[in-house]
Asks: 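This structure is in structure tokens; I'll ask about it shortly.
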There are 2 protein chains.
Amino acid sequence: MNDLERKTFTQNTMTRTKNDLFLPDEMRLSELAKALAHPARIAILKMLAEKNSCICGEIVDELPLAQATVSQHLKELKNVGLIKGEIDGPKVCYCLNTDGIAELRGLWANLEQRVAAKICC
Amino acid sequence: MNDLERKTFTQNTMTRTKNDLFLPDEMRLSELAKALAHPARIAILKMLAEKNSCICGEIVDELPLAQATVSQHLKELKNVGLIKGEIDGPKVCYCLNTDGIAELRGLWANLEQRVAAKICC
DNA sequence: TATTTTCATCGTAAAATTACGATGAACGAT
DNA sequence: ATCGTTCATCGTAATTTTACGATGAAAATA
């Protein structure tokens, strides 16, 4: 059973038992959270929000990381759907992906509502 | 320069240059996001939200993971401040940590506002 | 006291993440 | 056509994460 098959199975049943794995929303939110699980990637999102869009070189210049490393972080953000990249001559213009941001907002809002104002034992 | 020194340095300056690292809020949000970066830990938070509190054994029973693995996930959630654990005889009662949840809500809300409604290049 | 239950920790293996230099491809400029 | 710039990718090393069986500590129970 590969990842796709497992995901599909989970989606079809919409239940979670001992032998099942996790729900689609849990999987997706964890993916998006993983994209935020490094300060450099958060810094990148903030830069793109401030400047609305940004060529790759500017991002590299502002981060304390090598160009190859920043490129790797950008790739992760793009793969998970939080940013987009558009080739502009020899440069690449990155910007926020509204759809991915909205998806993250929704999934987090859902979890946030569940965990709001709970009292401990 | 160890982690504490680096964090203190970053906090003192509150600026980010090529030779500096990341801002405290970026570091902290990435830590909290990392705690959400696994579907099992999200499932745990949801369980604790539903039942308000939960003994460790119930969590283990509902997750498709071994007891040792679940205990490790619980430890990570506790270390980052999202849950608390209280010893109750031979069992341990886990519950959400309101402070940690609130901190995550605040940090995410801040980032969310920045990235809201941006248009791509 | 001996036994059972509950859970954390240890040890360890496999996989993923992080980081960087080196290389190469694509493009504009000379 | 050649050169410099820009950026992705490759290869690789170090670290971290994930997972589980085995073990041990603590408490209730027999």
Side-chain angles (χ1 to χ4, degrees), chain A residues 1-3 6 18-22 26-27 30-44 47-48 53-80 83-95 121, chain B residues 1-3 6 18-22 26-27 30-44 47-48 53-80 83-95 121:
Chain A
M1 202 189 222
N2 61 31
D3 274 357
R6 181 154 41 222
K18 177 75 182 181
N19 296 325
D20 194 356
L21 288 183
F22 302 99
E26 293 167 352
M27 306 268 291
S30 69
E31 277 179 6
L32 289 163
K34 189 181 295 186
L36 302 184
H38 194 293
R41 293 194 288 267
I42 292 179
I44 290 172
M47 286 183 58
L48 295 182
S53 74
C54 210
I55 63 169
C56 176
E58 299 177 40
I59 301 173
V60 172
D61 290 342
E62 287 211 24
L63 293 182
L65 296 170
Q67 180 263 327
T69 307
V70 174
S71 192
Q72 213 168 281
H73 285 304
L74 289 167
K75 188 180 181 180
E76 290 177 56
L77 286 170
K78 199 168 67 177
N79 283 343
V80 81
I83 70 174
K84 289 189 285 191
E86 191 172 293
I87 297 173
D88 176 26
K91 309 186 179 180
V92 174
C93 177
Y94 281 100
C95 60
C121 41
Chain B
M1 201 189 224
N2 61 30
D3 274 357
R6 182 155 37 222
K18 176 75 182 181
N19 297 323
D20 194 356
L21 289 182
F22 301 100
E26 293 166 352
M27 307 268 291
S30 69
E31 277 179 7
L32 289 163
K34 188 181 295 185
L36 301 185
H38 193 293
R41 293 193 289 267
I42 292 179
I44 290 171
M47 287 183 57
L48 295 181
S53 74
C54 209
I55 63 171
C56 177
E58 299 177 39
I59 302 173
V60 172
D61 289 342
E62 286 210 26
L63 294 181
L65 296 169
Q67 180 263 327
T69 307
V70 173
S71 192
Q72 212 167 281
H73 284 304
L74 288 167
K75 188 180 181 181
E76 289 176 57
L77 286 170
K78 199 168 67 176
N79 283 342
V80 81
I83 70 174
K84 289 189 285 191
E86 190 172 293
I87 296 173
D88 176 26
K91 309 185 177 180
V92 174
C93 177
Y94 282 100
C95 60
C121 42

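FYI, side chains are in, hydrogens and waters are out, and symmetry mates aren't considered; it's all heavy atoms of this structure. First the proteins, then the strands, lettered A, B, ... as listed; each starts at 1.
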Asks: Considering only side-chain heavy atoms of B:Gln72, which listed nucleotide, D:dC7, D:dA19, D:dA28, is closest?
Replies: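 The answer is D:dA19.
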Asks: So B:Leu48 and B:Ile83, side-chain contact (heavy atoms from CB on, under 4.5 Å) or not? Walk me through it.
Replies: CA-CA 9 Å; B:Leu48 295 181; B:Ile83 70 174; 3.7 Å; yes
Asks: Is there a side-chain contact between A:Lys78 and A:Lys84 (heavy atoms, below 4.5 Å)?
Replies: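 Not in contact.
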Asks: Using chain B heavy atoms and a threshold of under 4.0 Å, write down where along DNA chain C the contacts begin and end, 5' to 3'.
Replies: C:dT6 to C:dT9
Asks: Under a 3.5 Å distance rule, please check whether B:Arg41 uses its side chain to pair with a backbone N or O of B:Ala35 as donor and acceptor.
Replies: yes
Asks: Give the rounded distance in Å between these two atoms: NZ of B:Lys75 and C1' of D:dT18.
Replies: 14 Å
Asks: Tell me: NE2 of A:His73 to P of D:dC7, nearest whole Å?
Replies: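 In whole Å, D:dC7 P lies 17 Å from A:His73 NE2.
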Asks: Shortest non-hydrogen contact from B:Leu74 to B:Tyr94?
Replies: CD1-CE1, 3.6 Å
Asks: Output one line per pair: protein atom, nucleotide atom from nucleotides 14-17 of chain D, and distance, for all N/O pairs under 3.5 Å.
Replies:
residue : atom : partner : partner atom : Å
D:dT17  : OP1  : B:Lys34 : NZ           : 3.2

Asks: I need the CD1-P distance between B:Ile44 and D:dT18, as an integer number of Å.
Replies: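 B:Ile44 atom CD1 is separated from D:dT18 atom P by 11 Å.
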Asks: Looking only at heavy atoms, which two atoms of A:Lys91 and A:Ile55 are closest? And how far apart?
Replies: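 Of all heavy-atom pairs spanning A:Lys91 and A:Ile55, the closest is CD-CD1, 3.8 Å.
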Asks: If the plane angle is over 60° it's perpendicular, under 30° parallel, otherwise tilted; pick one for A:Phe22 and B:His38.
Replies: perpendicular
Asks: Which residue lies toward the 5' end of DNA chain C, A:Gly89 or B:Ser71, if each is placed at its nearest nucleotide?
Replies: B:Ser71
Asks: Are any of the side-chain heavy atoms of A:Ile44 and A:His73 separated by less than 4.5 Å?
Replies: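 A:Ile44 reaches A:His73 side chain to side chain.
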Asks: Nearest whole angstrom, please: distance from the C1' of D:dT6 to the CD1 of A:Ile55.
Replies: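 Checked: the CD1 to C1' distance equals 9 Å.
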Asks: Ignoring hydrogens and angles, tell me if any N or O in the side chain of B:Thr69 forms a donor-acceptor pair with the backbone of B:Leu65 under 3.5 Å.
Replies: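 No, the answer is negative, given that no donor and acceptor are paired below the 3.5 Å cut-off.
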